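All figures in this text were calculated on a predicted structure; none of them were measured in a lab. What's counted below: heavy atoms across the whole structure, side chains too, no hydrogens, waters or symmetry copies.
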Amino acid sequence: MRKGTEWIEKRLTPRNARLALVLLTLVSGIFAVALKDVRLDHDFENFFPTDDPELDRYNAFRERFGNDNDLLMIAVERKPTVFDREFLVKVDSLTLQLGRLPDVMQVVSPTRLEEVRITPVGAFKIPWVRTESDTLLALDSARVWRNERMRTGFFATDASAVLVLMVTEPGLSKDRSDSLLLRTEAVVARSGLTDTYMAGRIHGQYYYIIKMLRELVIFFSTSVVLLAIFLFFTFRIAWGVLVPITVVGLTVLWQVGLMTLLDEPLTVLTMLLPTILFVVGMSDVVHILERYIEALRSGYTRTRALAITYREVGLATLLTSLTTAVGFFTLTTSGIGPIRSFGMYTAIGVGLALILAFTLLPSILLLVPTPLRASKQRTRWYHALHRLFGLVLRHRRWIPWGFVVLVAIGIVGISRLKVNNFLLEDWPEDDPELAEFHYLEKAFGGVRPFEMEIDVKDSTTNVWDLRILRQVEELEHHLENGYGVHGILSPAVLVREVNKAFHGGAVEFDRLPEEQDEVDRLVKRVSNLPLRSGLATLVADDARTARITGRMVDEGGHVHAGKNRLLDSTIATITNDDLVDFHQTGMGFLIDRNNQRLSAQMIGGLSVAFLLISLIMAAVFRNWRMTIIALLPNVIPLVLIGGFMGFYGIDIKVSTAIIFTIAFGIAVDDTIHLLGKLRIELDKGRSLPYAMKRSFLSAGKAVIITSIMLCSGFISLIFSDLASVYYMGLLVSLTLAMAVITDLLLLPILVLRWLPHRK
């Protein structure tokens, strides 16, 4: 060991330190210049797994029938009723003005829709809502209320609001989406309509990105301030604050600069990367500084103290960086692009933090004057840790049983966990945008799109076969009454509308014809009616595929999964598989499916992380008992946090599933530092009990300090308005807190009981 220390000491010279600082400054300058080209990726569809066949089906479906997500819903409220001439004139004017905006394909509102009636003397188009006189409007309101599709499609259940639908161009860039939303809001503001509500992709993504950018700045700044405070109270010297922040701050600069140079945009997940890297990177720096200061106080020179520090802490630091990187890197097993990028680039960032800790940190410490003097006086930390170690030894019989009880409780809580998600689960309950979404859900029967593909199997027929239409109609009844879909449109709905139109609008003919010949005649003549636009959006050109579309209330992925099982059972009962196939698709369906698959993948990723870290431990310690001792204190916190989630109703979803892998990779760091110090003490020839005591007293302070810093950095995230950020802060902080408690209370007992040793 002495030779290794001398070898390191020879290379720790002021000349090498200055050379390293020059090279690091040049590299940092390159990355700093690259920051001007940082860009954001707002496309939430990138979160769909690329290896999912359902995504291919949805893309093909979208090519034929259009995107169910390029829609902006605008609700306009007027109490007690919207059937007021002056109000509806303003709604009609708003519809016309919105239709003139760029990147708008179509605007649909009741004031612009017409009912077609065909009589022996010709075809007539009667507006659904006429504002020429109060008498006509009274007649039209009664007519609208008798027509279920018109009533549920465009009016609130109590007639207090009317709906305007704006269809946007597909695939809009962020700049064009934002510009369109701002112009839309300006048009609405000038319309004289005061009580308006919006929901849709361009609306949600605009305000979500604003929140993410604001919180990126707030929480990164908060983490810096909190860590600076803890560093000051820990080291009590200015360079003990400035040096770590400089090293870790450059890590963040390098990481974001590298991503920019590689043309990798910041996504919803990677926006958290600066905060995570800053907090995680601080751990190794603090361990190095703590051992360095301890060596200085023992009377060593700066060079000698640094050599001793990197000789004793270097391997543990390398291992902790490796295990943390493994925890993040296992996220690359996900089939979702943004999660793969988040895992890969965060793992790279941990590697960059290690490089700077072994280059920039010693260079600065060599050149910065250190006012510390040698001192043999015991610190408060020493006495506190000494008492804690004695407490652990005195209760060594009861502490393991206490953890057994906690694990049993955690397992009970885990049994209550369920996979669940909502469309706007990230938004806070008091957020105005979420309030608008909930209003639309309540007033109009939902915002979540529902899509089902109709695929004709029999090559001798098509979707206009009366047998198929009857099955579609029967399925519609279940969707409306059992599944909760509103505003349903389908080929059967279209045929019923045409049948009614050809009978002068008589309500009794709002049904499917009795004979196939009548259906064929109606379909042939529909191309000459205004209803032909609905035909194109519901039925493919070859009439071999079609769609059932509508909207529904977002009740959560767990509820929808149960409804889907019942729906599949109903489809199997009422349909002929040889004739036609019904298959659910659409954005909402993919989001639920994605959440379920991702949650399973993350559990698999945790297994991979556990296996890889086990192999690393086995390779380093070369003792199977030491490997088990290293892993057990870090598995227990995961069980406890799973139980906590189960008892408090925190569901498994994208934002919580990735936390287990991340927390495991970070939590194992303290165990490695304690066992690494134990190995060094054993190599000095000390007995196992005394070596464990020396490790506890020496590394214990750094373990507690880094855990407090990690927890404080992550716990600041609980003040986020976004649920995903909140849960990451809460659950990772709790896991790390439980991990350090387990390391300090259980790890010494496991070492003394399970490792063979000399008396």
Between [X] and [Y], does at least one N-O distance fall below 4.0 Å, as a salt bridge requires?
X    : Y    : result
E508 : K500 : no
D542 : R544 : no
D592 : R448 : yes
R143 : D140 : yes
E451 : R547 : yes
D70  : R201 : yes
E185 : R190 : no

- prompt: Are S191 and Q97 close enough, and set up right, to give a side-chain contact (heavy atoms from CB on, under 4.5 Å), and what steps lead you there?
  reply: CA-CA 9 Å; S191 68; Q97 293 178 58; 5.5 Å; no
Aromatic plane relationship, Y439 with F444 - under 30° parallel, 30 to 60° tilted, over 60° perpendicular: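 Aromatic pair F444/Y439 classed perpendicular.
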query: Going by the angle between their ring planes, with limits at 30° and 60°, are F155 and W145 parallel, tilted or perpendicular?
result: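 Ring orientation of F155 relative to W145: perpendicular.
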Kindly give the heavy-atom pair with the smallest separation between [X] and [Y], and that separation in Å.
X    : Y    : answer
P491 : V539 : CG-CG2, 3.9 Å
A75  : L440 : CB-CD2, 3.3 Å
H560 : V553 : CE1-O, 3.6 Å
I488 : V493 : O-CG2, 3.9 Å
T196 : E436 : O-OE1, 4.3 Å
P110 : V162 : CG-CG2, 3.6 Å

Going by heavy atoms in the side chains, are [X] and [Y] under 4.5 Å from each other?
X    : Y    : value
F450 : T549 : no
T131 : D92  : no
L731 : T656 : yes
L101 : V187 : yes
I571 : M452 : yes
R146 : R151 : no
L113 : P127 : no
L165 : V107 : no

Atom [atom1] in [X], atom [atom2] in [Y]: separation rounded to 0.5 Å?
X    : Y    : atom1 : atom2 : result
I652 : N421 : CD1   : CG    : 12.0 Å
L181 : Y207 : CG    : OH    : 5.5 Å
I574 : R470 : CD1   : CZ    : 14.0 Å
M645 : K418 : CE    : NZ    : 10.5 Å
F582 : L475 : CZ    : CG    : 5.5 Å
I548 : L489 : CD1   : CG    : 10.5 Å

message: Would you say that more than 12 heavy atoms from the other residues, nucleotides or ligands in this model lie under 6.0 Å from the CZ of R183, or not?
response: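 Atom CZ in R183 is not crowded, with 12 or fewer foreign heavy atoms closer than 6.0 Å.
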message: Considering only residues two or more places apart or on different chains, which pairs with a residue in residues 486-496 satisfy side-chain hydrogen bond (donor to acceptor under 3.5 Å, both in side chains)?
response: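 Counting only pairs at least two positions apart or across chains, the side-chain hydrogen bond (donor to acceptor under 3.5 Å, both in side chains) contacts touching residues 486-496 are E473-R496, E476-S490, E476-R496.
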For the backbone of [Y] and the side chain of [X], can you confirm whether one donor and one acceptor N or O come within less than 3.5 Å of each other?
X    : Y    : result
H478 : Y483 : no
E441 : V447 : yes
R551 : G153 : yes
E453 : H583 : no
S179 : D175 : no
N420 : H558 : yes
S93  : K90  : no
T184 : L180 : yes
R112 : L96  : no
Q516 : W464 : yes

- request: With R85 as reference, evaluate L137, L136, V129 under the side-chain contact (heavy atoms from CB on, under 4.5 Å) test and give the passing residue.
  value: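 One option only clears the test, and that one is L137.
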No-hydrogen, no-angle side-chain donor-acceptor test under 3.5 Å, S109 and T111: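 Indeed, the side chains of S109 and T111 share at least one donor-acceptor pair under 3.5 Å.
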- prompt: Just checking, is any N or O donor in the side chain of E63 or N59 under 3.5 Å from an acceptor N or O on the other one?
  reply: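 No, no side-chain donor-acceptor pair sits under 3.5 Å.
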- prompt: Got a sec, which residues hit side-chain hydrogen bond (donor to acceptor under 3.5 Å, both in side chains) with R149, two or more places apart in sequence or on another chain?
  reply: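 With neighbours one apart ignored, the set is E497, D510.
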task: Check side-chain hydrogen bond (donor to acceptor under 3.5 Å, both in side chains) between R176 and all other residues, then give those that pass, not counting sequence neighbours.
output: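 Listed in chain order: D103.
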- prompt: Would the Y58 and F589 ring centres measure less than 6.0 Å apart?
  reply: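 No: the rings miss the under 6.0 Å criterion.
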message: side-chain contact (heavy atoms from CB on, under 4.5 Å) for L512 and V519? Distances and angles first, verdict last.
response: CA-CA 8 Å; L512 292 176; V519 173; over 6 Å; no
task: Show your working on side-chain contact (heavy atoms from CB on, under 4.5 Å) between T545 and V456 and close with a plain yes or no.
output: CA-CA 6 Å; T545 57; V456 178; over 6 Å; no
query: Between K563 and E555, is a side-chain contact (heavy atoms from CB on, under 4.5 Å) present by the stated rule, with each step listed?
result: CA-CA 10 Å; K563 286 188 171 184; E555 300 179 87; 2.4 Å; yes
